Undergrad: 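Quick one: this structure, given as structure tokens, is what I'll be asking you about.
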Number of protein chains: 2
Amino acid sequence: MQSFTEENYLKTIYYLATRQEGEVTTNALAEMTATRAASVTDMLRKLADKQLIHYKKYQGVRLTEEGERLALQIIRRHRLWEVFLVEKLGFGWDEVHDIAEELEHVRSEELVTRLDTYLGYPQFDPHGDPIPTPAGQMPETGYRKLSEAGPGDSIRLMGVLEHSTAFLQHLDRCNLTLGCLVTIAEINAFDKSVLVQIESGRPVFVSHEVAKNLLVN
Amino acid sequence: MQSFTEENYLKTIYYLATRQEGEVTTNALAEMTATRAASVTDMLRKLADKQLIHYKKYQGVRLTEEGERLALQIIRRHRLWEVFLVEKLGFGWDEVHDIAEELEHVRSEELVTRLDTYLGYPQFDPHGDPIPTPAGQMPETGYRKLSEAGPGDSIRLMGVLEHSTAFLQHLDRCNLTLGCLVTIAEINAFDKSVLVQIESGRPVFVSHEVAKNLLVN
DNA sequence: ATAAAAATTTAGACTAGTCTAAATTTTTAG
DNA sequence: CTAAAAATTTAGACTAGTCTAAATTTTTAT
């Protein structure tokens, strides 16, 4: 049985591993968990002792199979709770991250199973992230970033890579909601900002920074 | 902001204070929290420093107004989550205590408010316990124990004082459900066990130990 | 190739919450 | 009333998770 803290490290290692090549570094973990590198090192030794990560001093870290299974279990809980908060309690998609961050640590298999059933076995959370299966598989989506699309492409907004309140509220103000169909009118040569034509709406400018955090297909 | 542990102490002090006269003792707290008396003493000093309890060495303990407000807030959360688990997720009333014990510590006013609305502002939890108001008042019920009723009394089963799985499953097996109307047929002079006639059912024997944990009106 | 910079680890310390054993205070029984 | 029992507190120690400062290893830039 893992502690609250250990669970957060596993989740963070998983998250960072999907966003970069190779091993996850101590400093990256320190930044994400808002602790100091020395503290991370201590925890890595502990997780390695428990066989949840592969760890060689100075060489970064990688989840073991068991570690990944646990990480996906926590991510599954997090995303199911987010669906609950938005679908059932009426929270905005920009308000649920921190609450789900706490709910995900409630330990009960039965609870997660029943919640999943209650929600109708959702495939995606309110940010378009796929919900891992009960068996611990992360569904493949095949989405790419909006920043990688070209002029003329007609695409659908499927997810976001950034979950901060500020970012999500910005999308709300731009009328960019998940599932909406957009066409890329133009990509600015200077700052790579994207002019998108939203289905039944007026065109909006999306900065390159924002485009890199939007998932489409 | 209180820690998980502090919240549990406050809740336990409240619970014990309602079940006995005068101050709550160190030993009683140690037993309830499954820790040693020495650990309780340490925590009491800490809670006293924070002005959440009145505490004089060797003299037992009592919640301050602020301490009681916090205790009731936690109990409110606990009971609302129990309603959710039973009403929405379909858990049995004997399965929800431990899960609610974890959910009650999730820190979000907004979450509790929305949950309350979602559940339709319930007045009682699945065990018949009244749900404290948002303002921090514990509703009065005026229930008495079944063990205090007399032969011939016609009463309604309104709540339980014991939340263990074993106890609740025993009630299920006896067909004693909350809200059911019973008549006291006889009280055994030797062991004080109670023979109750359940509305539209066969009579059942209830031991004095059980009768002391049933609330009626 | 090697020195400086960056990243990481080690050493030693701190807090929250817990424990055991010993000391102290209160209660109880004769 | 007083001695024994019970309850409580103190003293000192331990674990989990964190920190700072110093030491070590790896990477980078000449």
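Being a predicted model, the structure only gives us computed values, none of them experimental. Reminder, nothing fancy here: chain letters follow the sequence lines and each chain counts from 1.
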Undergrad: Just checking B/Tyr9: base, sugar-phosphate only, or nothing, at a heavy-atom cut-off of under 4.0 Å?
TA: sugar-phosphate

Undergrad: Taking for each residue the nucleotide of DNA chain D with the nearest heavy atom, is it A/Ala38 or A/Ser3 whose nucleotide lies nearer the 5' end?
TA: A/Ser3

Undergrad: Report yes if at least one side-chain N or O of B/Tyr58 is closer than 4.0 Å to OP1 or OP2 of C/dA23; otherwise report no.
TA: no

Undergrad: Do the side-chain N or O atoms of A/Arg36 get closer than 4.0 angstrom to the phosphate oxygens (OP1, OP2) of D/dT20?
TA: yes

Undergrad: I'd like to know if the side chain of B/Glu162 reaches the main chain of B/Ser164, judged simply by a donor and an acceptor atom lying under 3.5 Å from each other, with no hydrogens or angles considered.
TA: yes

Undergrad: Atom CG of A/Asn8 to atom P of D/dA16: distance rounded to whole Å?
TA: 17 Å

Undergrad: If C/dG30 has a Watson-Crick or G-U wobble mate with both distances under 3.5 Å, name it; if not, just say none.
TA: D/dC1

Undergrad: So does A/Thr41 get a side-chain nitrogen or oxygen closer than 4.0 Å to the phosphate oxygens (OP1/OP2) of C/dT9?
TA: yes

Undergrad: Quick one: label B/Tyr55 by what it contacts on the DNA or RNA (base, sugar-phosphate, nothing), any heavy atom closer than 4.0 Å.
TA: sugar-phosphate

Undergrad: For A/Glu6 and for A/Gln59, locate the closest nucleotide of DNA chain D by heavy-atom distance; then report the residue assigned to the nucleotide nearer the 5' terminus.
TA: A/Glu6

Undergrad: OP1 or OP2 of C/dC19 versus the side-chain N and O atoms of B/Ser39: is any pair under 4.0 Å?
TA: yes

Undergrad: Contact class for A/Thr5 vs. all strands (heavy atom < 4.0 Å): base, sugar-phosphate, or nothing?
TA: sugar-phosphate

Undergrad: Using whole Å, what does the distance between atom C1' of nucleotide C/dA7 and atom CD of A/Glu31 come to?
TA: 14 Å

Undergrad: Could you tell me the separation between the CZ atom of A/Arg45 and the P atom of D/dA16, rounded to a whole number of Å?
TA: 12 Å

Undergrad: Let's test this: given Watson-Crick or G-U wobble pairing with both distances under 3.5 Å, identify the partner of D/dA23.
TA: C/dT8

Undergrad: With both distances under 3.5 Å as the test, what is the Watson-Crick or G-U wobble partner of C/dT2?
TA: D/dA29

Undergrad: Relative to the ring of A/His127, is the ring of A/Trp93 parallel (under 30°), tilted (30 to 60°) or perpendicular (over 60°)?
TA: parallel

Undergrad: Roughly how many Å is it from NZ in B/Lys56 to C1' in D/dT8, rounded to a whole number?
TA: 16 Å

Undergrad: If you measure only the distance, is there a donor-acceptor pair under 3.5 Å linking the side chains of A/Asn8 and A/His105?
TA: yes

Undergrad: Does B/Asp153 pair with B/Arg144 as a salt bridge, N-O distance under 4.0 Å?
TA: yes

Undergrad: Below 4.0 angstrom, N of the basic side chain to O of the carboxylate: do B/Arg107 and B/Glu7 qualify?
TA: yes

Undergrad: In whole angstroms, how far is the C1' atom of D/dT25 from the CD atom of A/Glu23?
TA: 17 Å

Undergrad: Is the phosphate of D/dT8, meaning OP1 or OP2, less than 4.0 Å from a side-chain N or O of B/Asn27?
TA: yes

Undergrad: Between B/Glu66 and B/Arg69, is there a salt bridge with N-O shorter than 4.0 Å?
TA: yes

Undergrad: So does A/Lys57 get a side-chain nitrogen or oxygen closer than 4.0 Å to the phosphate oxygens (OP1/OP2) of C/dA7?
TA: no

Undergrad: What is the distance, to the nearest angstrom, from the CG atom on A/Asp42 to the P atom on C/dG12?
TA: 14 Å

Undergrad: Could you state the atom-to-atom distance from CD of B/Gln20 to P of D/dA7 in whole Å?
TA: 13 Å

